[in-house]
Structure formats: C-alpha cells, structure tokens
**Student:** 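I'd like to ask you about the structure that follows.
Both backbone and side-chain heavy atoms feed into the values below; hydrogens, waters and symmetry mates do not. Labels below follow one simple rule: chain letters A, B, ... track the order of the sequence lines, proteins then strands, and each chain is numbered from 1.
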2 protein chains.
Amino acid sequence: MSRDRGRGKRDDAGVSTTRKTFAILETLADADGVTITELTRRTEFTKSTVYRHLTTLVDLGYVIERDGAYDIGFRFLEISEQARTRRRGYTAAKRSVFELGKETDERAVFIVEEEYEGVYVHRYGSLSDTMIGKRRPLHSLASGKVILSEWDDDTVADFVATAGLDAITDNTITDPDTLAAELEQIRDRGYAVNNEEHMDGLRSVAVPVYTPADDLLGALSVFGPTSRFTDEYVHDDLPNRLRDKAGEIRVTLAYG
Amino acid sequence: MSRDRGRGKRDDAGVSTTRKTFAILETLADADGVTITELTRRTEFTKSTVYRHLTTLVDLGYVIERDGAYDIGFRFLEISEQARTRRRGYTAAKRSVFELGKETDERAVFIVEEEYEGVYVHRYGSLSDTMIGKRRPLHSLASGKVILSEWDDDTVADFVATAGLDAITDNTITDPDTLAAELEQIRDRGYAVNNEEHMDGLRSVAVPVYTPADDLLGALSVFGPTSRFTDEYVHDDLPNRLRDKAGEIRVTLAYG
DNA sequence: AGATTCTGTTTTATTATTCGGAACATTCAT
DNA sequence: ATGAATGTTCCGAATAATAAAACAGAATCT
C-alpha cells in the first residue's frame, strides 16, 4: 500500500472565489510592490475583481498597501511558521543548518518532503540565494534521493508514476532502474551525492535526519561548486560532518 | 503628515468568501492536525462549508491532508518568504541574529514594524519559544521603542491614538508623555531597554538597524531573565555588542 | 494653465456561486 | 452485526461575486 501523496488532481470543484484570491496572491508574491492595474494586467481578472480581492486581503492584514503599491504582508509568516514548527525536529534542524554552514563555510540546507516534492525549510548561505519555501523534484536532489531511499518500493514506484523523472540537467536520473540502484547505494553508504543532477556545476551531499523514534524527519545537505567539491571532500569529509549534525538533532530531540 | 499605518478599519465589504477561507485557515493554524468535524466545531460555519473550503485549499496545495487530519502546508512558506526577503537587510539580519545569539548565549531577535505592530522576523533561542511571525505592541518591546524613537512626533501621536498604550505588565509605559521622554532617552543613548514591560521577569536591550542609506530597517534585540540581565550587562556590555551587529548588517548591505 | 491619460474607486444589474440542510456513504468501535 | 461516529454528495434558495461602465483624482504632457 503506497502512501497517498502527490497532488490529488481533484477536479476544479470547491470554492472558485478562493482560487481567485490565491491566484492574485501568488501573482502578487511573484511581482512584489505592484499596483492594482499592474496586477490586473498580470492576471486574467478584471480590475474591479482584483480591487475587491486585494482590499479584502489588506483588511485582513495579509496584504500591505503602501503608497498605492501592494506587498505580501508578514501575517503569512505566522501561518507558515506553523508548518515549520509542526515537528520539533524542524526547529532543531534550523540551528544545525546554521552551524553546519558556518563550520564548513558552505551553503547548507534542510529539506523536507511534501506532496512528493522537496521543500527547502532551512538554509544557510549567501544573501542572494533565497530558496526557502521553494519546491524541487526529489530525484534531482541529494536530499531528495535520501528521502526516496527511505521509502519502500511501492511508494517509490508511485512517486515515479505520479511525479515522473524529468531531466533537470544532463545528469539527472531519469531511469527508474538507475534510480533504484542509486537508492540502494545510498542505503548502503548512509549518504547521497548529487553530481550536477540538479544544476550544472553544482555538487552536493545529503544525509537523512531521524527522530529518536527512527522516523525520517528530512534531509540535511551541503552543496557547492564542482571545483571545490572534490571526490574526497564529498565522499570522506562531508558525510561525516553531516552525520554528526543529523545525530545532534536526534539527541536534541531525545534529551532536549 | 503622519504615515498611513495601522489597520484601515474598513467596513466588512469585499469578498466575504475569502474572509471565510482565512478564518478557517487561521483556525487550522491554531489547532494543527485536526479533522473536518473538529474544525467545524471550532468555527461558526457548517460542515459542508468547511469541507468545501478545505478541499479547495488542499487542491491548491496550501493545506495538507494526511489520514483525515489537516495541516497547514509548506506552500505558505513560499509566500511568507517573499515578505521576509523583500528587503535585502532582512536576510542579512538573519545571520546577525544567529551570531548574536551564539556569541552571547542569549535569545536574540530581529523585529520589524508592520501596521503599527512589532513582528518577530528572525530569532535565535531555545527549541520551545517559537515567536517568529508573532505580533506584539510596539510600546511594550525594547525593539518596538527603538522603532518608535525613529518616528516623528506626529507619527508617534497617530500610533498612540490608533494602537493605544495598553498595559501588558505593571511596568508597561501607558502614558504618552512618559513614552515621549523614554523615546528621547533612547535617541540619546542609541539603544532601548525593557524592564519587564512586556513580561514579568524579562529584560531586554535593542538597537536600531539602518540601511546604508540610513533608512530604518528594524531592530535587533537580546532578552533574558532579570536575574542574569543586570544593569551592567544591559547598559554596558549588550548595547555595544548589538551596535556591532547592527553595523555589520549595514556594511554587508553596502559592500557585501 | 488646460487637456489628456493614466490611475483607484464606486455603482449597478445580472449572473454565477456559495450556502445550509439533509441524505448518503464510509469507517470505526463495540 | 449494530450503532455512532465520521467524510462526502446533492440540491434548491439565497446570497454574494462579477463585469462593465461611470466617476474621481492624480499625474503627465503640451
């Protein structure tokens, strides 16, 4: 019995007004600090519709209006933080990501699976690369492969059937059998490596993070340019550091 | 001319369906991992209404359904991150909060003003206290007073008239003149202190964070128990540390 | 200064959609 | 097997969202 994941692919039943609201919201998130007419241009709705939805959102506090321009408000932060603190381990992972990044001086992330996608939950890195909340195909990430390696064959098969194995780069694993072999190796080694499977010039290493009850919480990962991420670094140094941090999270959860 | 802040206090015009959706969403955020009937109990809506709204949100991916229980999804993280990265300084402040917390071994936060309220945007602290996204009255926080001290008299007066000066503890400043004097002192010193004005047994220190263009970005703050937060610690040691970190953010933005 | 062309806002009748209640289906526990 | 929960579907009635056009105000241009 494979888990019920992935998009439900329901028909377009339900509340269509709510769909409109979120369509406007997503457009606004893409183009922040935008005016009503500009937002109307970017959506398929009329000006009065956008106007009414927006003013409602402003009234609710979810959208901020400043000098006629509209922005996503911090009230969403309160809601999203609910998802980020649902499991205590997520919070523990936050600190580990930071320490890991500081100690290695590399970019570090903590990734969780939701709806058959990898979601960046915590990150340490430069000012510019803001990936938190972004969603990526599991099979193209070291952390994603780590998560896949924890699932049983049926679930992986369902994932392949539902999400597919799209080629993100030339190196992305697109063959189910190759994936199965890769996952087997990850289970053996205890860590996953990504060789430019998600982005050219980028390698990464990831390990699973478990709760004290041995439930999979997510994956801890470090990534960087191929020039610096040599085989030795990737296969010897980093896996141990990552495992240490993953272990710390477990211990923190067990003994506070 | 005071700025147009605070809640617009519009009438209940607009899209009432959207209001319902967010009412359900907020209830769900309060009581995560809840069932449809339970959610119906906690709201003023009928079961079919909650059902329709929820399934729509699940279909959109903003709510996750697992074994009949509903959770806030990580898709909100993508939206809220838009607010958190709107200004580059917000991202820079994240690292400063972490370093500050690590170095002082205290709880540290970065706070921003929105709609006349103080919003916790970044925090370093123990596993349990999750304050990110939470909103607090500006006049009851050291960081809030720092922000108020940067405003002109008209804006402060408008804030007092709109938000009021509610007493949160016995020490909260509730008198406008006392507040004015306090803000004057903060401007002189360059930092603000909170003496159990927000919570009994808690003291804190805060400094303003500026952009290279001298715009106020937010406030950096450290807080802890009165027992440990002696006058010397609060007035000598911490202000300098905080100022250093605030300066680093500025420099990062200018040359980083 | 006057005219033009953008905005944001309001109004209206029409239409489409949400709503609530009840019926149905399903699961679970006893 | 029975009963009491739950989740789900259906439907007519009532409401609420919609589009379009008209209005107001600001900004830009001549």
**Student:** Determine the contact category for A:S48: base if any of its heavy atoms lies under 4.0 Å from a base atom, sugar-phosphate if only primed atoms, P, OP1 or OP2 are that close, otherwise nothing.
**Tutor:**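 Base contact.
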**Student:** In whole angstrom, give the distance that lies between atom CD1 of B:I24 and atom C1' of C:dC19.
**Tutor:**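 Roughly 12 Å, once rounded to whole Å.
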**Student:** Testing B:L57, B:V15, B:T18, B:I24 one by one against A:T18 for a side-chain contact (heavy atoms from CB on, under 4.5 Å), which residue passes?
**Tutor:**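 For A:T18, the side-chain contact (heavy atoms from CB on, under 4.5 Å) check succeeds only for B:L57.
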**Student:** Given C:dC19, is OP1 or OP2 found less than 4.0 Å from the side-chain N or O atoms of B:K20?
**Tutor:**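 Yes, B:K20 has a side-chain N/O under 4.0 Å of OP1/OP2 on C:dC19.
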**Student:** Any N or O donor-acceptor pair linking the side chain of A:K47 to the base of C:dG8 at under 3.5 Å?
**Tutor:**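 Side chain to base: pair found, below 3.5 Å.
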**Student:** Rounding to an integer number of Å, can you tell me how far A:D67 CG sits from C:dT7 C1'?
**Tutor:**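 It works out to 14 Å between those atoms.
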**Student:** Which pair of heavy atoms, one from A:I147 and one from A:A219, lies closest together, and at what distance?
**Tutor:**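 Shortest heavy-atom separation between A:I147 and A:A219 comes out as CG1-CB, 4.4 Å.
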**Student:** Which one, D:dG7, D:dT18, C:dT9, comes nearest to the side chain of A:Y70?
**Tutor:**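 The listed nucleotide nearest to A:Y70's side chain is C:dT9.
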**Student:** For A:F45 and C:dA16, give me the distance from atom CZ to atom C1', rounded to whole Å.
**Tutor:**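 Rounded to whole Å, this separation is 15 Å.
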**Student:** Could you tell me how far apart A:L39 (CG) and C:dG8 (C1') are, to the nearest whole angstrom?
**Tutor:**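 Nearest whole value for this atom pair: 13 Å.
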**Student:** Do the charged groups of A:E78 and B:R135 touch, with an N to O distance under 4.0 Å?
**Tutor:**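 No, A:E78 and B:R135 are not salt-bridged.
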**Student:** So which one's nearest nucleotide on DNA chain D is more toward 5', B:T18 or B:I36?
**Tutor:**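 First, find each residue's nearest nucleotide; the 5'-ward one identifies B:I36.
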**Student:** Just the rounded figure in Å: distance from P of D:dT6 to CD of B:E65.
**Tutor:**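 So the CD-P distance, B:E65 to D:dT6, works out to 16 Å.
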**Student:** Measuring to OP1 and OP2 of D:dA16, would you say a side-chain N or O of A:T17 lies under 4.0 angstrom away?
**Tutor:**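 False: A:T17 side-chain N/O out of range (4.0 Å or more) of D:dA16 OP1/OP2.
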**Student:** For the pair made of NE2 in A:H53 and C1' in D:dA19, what is the distance, rounded to whole Å?
**Tutor:**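 Going from A:H53 (NE2) to D:dA19 (C1'), I get 12 Å.
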**Student:** Under 4.0 Å between a side-chain N/O of B:T37 and OP1 or OP2 of D:dG7, yes or no?
**Tutor:**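 Answer is yes, contact under 4.0 Å.
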**Student:** Are B:R41 and D:dA5 close enough that a side-chain N or O sits under 4.0 Å from OP1 or OP2?
**Tutor:**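 B:R41 to D:dA5 OP1/OP2: no side-chain N or O under 4.0 Å.
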**Student:** Heavy atoms under 4.0 Å, any strand shown: does B:T49 hit a base, just sugar-phosphate, or nothing?
**Tutor:**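 If one applies the 4.0 Å heavy-atom cut-off, B:T49 turns out to touch the sugar-phosphate alone, with no base involved.
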**Student:** Starting from P on D:dT8, measure out to CZ on B:R52 and report it in whole angstrom.
**Tutor:**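 The distance from CZ of B:R52 to P of D:dT8 comes to 14 Å, rounded to the nearest Å.
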**Student:** For A:I111, run the side-chain contact (heavy atoms from CB on, under 4.5 Å) check against A:L141, A:V146, A:V119 and tell me which one passes.
**Tutor:**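 Looking at A:L141, A:V146, A:V119, the match for A:I111 under the side-chain contact (heavy atoms from CB on, under 4.5 Å) is A:L141.
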**Student:** Can any side-chain N or O of A:D71 pair as donor or acceptor with the backbone N or O of A:G33 at less than 3.5 Å?
**Tutor:**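 Answer holds: yes.
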**Student:** Side chain of B:Y51 only, heavy atoms from C-beta on: which candidate in D:dT6, D:dT9, C:dG20 is closest?
**Tutor:**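 Between D:dT6, D:dT9, C:dG20, the one nearest the side chain of B:Y51 would be D:dT9.
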**Student:** As a test of reading the structure: which of D:dT6, D:dT18, C:dT18 is closest to the side chain of B:T35, going by heavy atoms?
**Tutor:**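 Closest nucleotide among those given: D:dT6.
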**Student:** On DNA chain C, does the nearest nucleotide to A:E38 precede the nearest nucleotide to B:T46 from the 5' side, or the other way round? Give the residue.
**Tutor:**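 Result: A:E38.
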